[in-house]
Amino acid sequence: MGKIICVANQKGGVGKTTTAVNLAASLVLSDRRVLVVDVDPQANASSGLGIRADDSTITTYHVLMGSATVAEAAQPVSPEGLFVVPASKDLVGADLELVNMEQREMRLREAIKLVADDYDYIIMDCPPSLGLVTLNALVSAESVIIPMQCEYYALEGLGRLLHTIKRVKRHLNPHLGVEGILLTMYDGRNNLSRQVAAEVKRHFGDKVFDTVIPRNVRLSEAPSHGMPVVLYDARSTGARGYLQMAQELTG
Ligand code: ATP
Ligand code: MG
């Protein structure tokens, strides 16, 4: 059965999508078969992998509503062995639509279960919120990767996420754990970046991945070309960071 990982942090713009897309592609280059499930209505992971949903696209929304299976929604993208269940704007309404549904926290889990054997990793890219859609992702996952930007207020709101994870673990998904905190957008020439990284490590010890993702413009350019950085510029420091992260995860 594939390992199911959720990339989450309710703080916006910390590198969740960049991590989901590029970690997934890096795992594929180590011969893993990987599915990215885009659970964010912004659909940045989908477009970053070259998929833009239109009216006929089967998306995460349909999976959550029970009108399509994950197998029907998954589309092959590059590199070969990588797949994505795209998101669309419809997903904005899903938080509300789910409220009155049966098993409202379990819908994604039940859907993903059916394809868990088809992949080595299933990676979910969460929105910067802790609503029912994100809850569905946390209930589906075995573990959470928490990207943290090496900037002021990096730790802000983290307590709430850890509390939510604890609650999900207690009531809905006893298997859920924190895979690790991933420091992103690190700039070694910048004092603040170094201080934040040191503080997070002091606070969370071995829960912090050894791999630190550098600030690298190639990582921000790649999505506009609809491809992960390992295809856009494999030799960039950003690509090397996520390849190392994939090694650390599988190692
Ligand atoms: P949201 O909360 O809106 O979903 P997010 O947490 O998914 O945001 P990203 O979209 O991955 O964050 O990153 C925010 C912005 O920072 C994007 O423009 C992205 O290209 C850029 N970015 C992410 N990581 C890096 C990095 N290591 N170096 C340079 N730019 C980066
Ligand atoms: Mg995002």
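When a ligand or atom number is given, it counts from 1 through the structure's own listing order. All heavy atoms count here, side chains included; hydrogens, waters and symmetry mates do not. Numbering starts at 1 and runs along the sequence shown.
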Kindly confirm or rule out an N or O of [X] lying under 3.5 angstrom from an N or O of ligand 1.
X      : result
Arg215 : no
Cys126 : no
Lys16  : yes
Asp125 : no
Gly15  : yes

Discussion item. Between Glu199 and Arg202, does any side-chain N to carboxylate O distance fall below 4.0 Å?
Written reply: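 No, Glu199 and Arg202 are not salt-bridged.
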Fill in: Carboxylate-amine/guanidinium contact Lys11 Glu151, below 4.0 Å
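No, no charged N to carboxylate O under 4.0 Å.
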Write out the residue and atom name of the closest protein heavy atom to [atom], then the distance separating them to 0.1 Å.
atom                    : value
atom 4 (O) of ligand 1  : Gln42 NE2, 3.3 Å
atom 1 (P) of ligand 1  : Gly13 N, 3.5 Å
atom 27 (N) of ligand 1 : Pro214 O, 2.9 Å

Worksheet entry | Heavy-atom neighbours of Asp206 CG exceed 12 at 6.0 Å | no
Worksheet item: Taking non-hydrogen atoms only, is Asn9 closer than 4.0 angstrom to ligand 1 via side chain, backbone, both or neither?
Response: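 For Asn9, there is no contact with ligand 1 at all, from either part.
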Item to complete: For ligand 1, note which part of Thr17 has a heavy atom under 4.0 Å away: side chain, backbone, both or neither.
Response: both
Item to complete: Using 2.8 Å as a strict upper limit, say whether an N, O or S atom of Gln42 approaches the Mg ion (ligand 2) that closely.
Response: no
Worksheet item: Which atoms of ligand 1 are found less than 4.0 Å from any heavy atom of Gly12?
Response: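 Heavy-atom distances to Gly12 below 4.0 Å select 2 (O).
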Fill in: Which of the ligand 1 atoms, numbered from 1, are nearer than 4.0 Å to a heavy atom of Asp40
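Those qualifying, in numeric order: 4 (O).
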